[in-house]
Amino acid sequence: MQLVEANGAKIPSIGLGTWELRGRACARVVEQALRLGYRHIDTAQAYDNEREVGEGLRASGIRRDEVFVTTKIWTNHFAPHDLERSVKESLVRLRMPAVDLLLLHWPNPQVPLAETLGALAHAKTMGLARHIGVSNFTVALIEEAVKACPEPLVCDQVEYHPYLDQAKVRQACVQNGMALVAYSPIAKGKIKNDPILVRIGRDRHKTPAQICLRWLVQQNVSAIPRTSRIERLSENIDIFDFELSDDEMDQIFRLAHPKGRLTDFGFAPKWD
Ligand code: 1BO
């Protein structure tokens, strides 16, 4: 598995996203993914599945230190004291002494960012996380966070797929030595009949989803496709035996459009 290196972290370029996976189905998909070769699992307090992610990992028989596990702190726990307590609760649910990557799930303007980042960095120095980062941060918020955080931030996890232009966020990540981790990397399945991706896929004997994931990985992005279908797991990691040409990469970049964003909430920041 290829790795994305960022401020000391080595993040496997494909991971399993678990947003909206729950209960036994979640544990089963995590177990199966690890058996098939995944070494990166992404969860969050808000997904209500940390317990099952831990169960799936233990059931897989893969050693804990071989798997890169990310969790994210929900915004109502951003006050410093609360943050530490909530991270400890996540670790109890996961049954792990530490996660590999701990993220702030969304910006929360109600709590001063520097205070939350101080607590996040403290969680790292206490050994609760090997690395820390942010999610759903805009360029301005990345810049503010990098300046305010006493420890290096290794990533911004954001929605990214061919229909959403993330050039500005990507650039800010590169400038700050951070990785971009892409959630919804196949646009929640909306790419599957895209004529450009279908055509490139036909030439390459790959599916549109594989073309999409390969396009991300070639940008040094780590992608975390979610699937509840076991057969899709193998498809999503079978992308390391071919390379898209510059022209193919450009054709896919041109698919972005202003209405491409799929995940937006009232509490989201003003996007770039
Ligand atoms: C509310 C969840 C967004 C993606 O992590």
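Read the numbers this way: they start at 1 and go in the same order the structure lists the ligands and their atoms. Keep in mind it's a predicted model, so treat the numbers as computed, not measured.
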*asked:* Side chains of Tyr163 and Asp194: any donor to acceptor distance under 3.5 Å?
replied: yes
*Which heavy atom of Arg214 sits nearest a heavy atom of Phe240, and at what distance?*
NH1-CA, 3.8 Å
*Where the side chain of Thr18 meets the backbone of Leu21, is there a donor-acceptor pair that is under 3.5 Å apart?*
no
*Would one find an N or O of Lys72, backbone or side chain, under 3.5 Å from an N or O of ligand 1?*
no
*Report yes if some N/O of Trp74 lies less than 3.5 Å from some N/O of ligand 1; otherwise report no.*
no
*Look at atom 4 (C) of ligand 1 and find which of Trp106, Phe267, Tyr47 reaches it with the closest heavy atom.*
Tyr47
*Does Glu159 have a heavy atom less than 4.0 Å from any atom of ligand 1?*
no
_Please report whether the ring centroid of Trp215 lies less than 6.0 Å from that of Tyr160._
yes
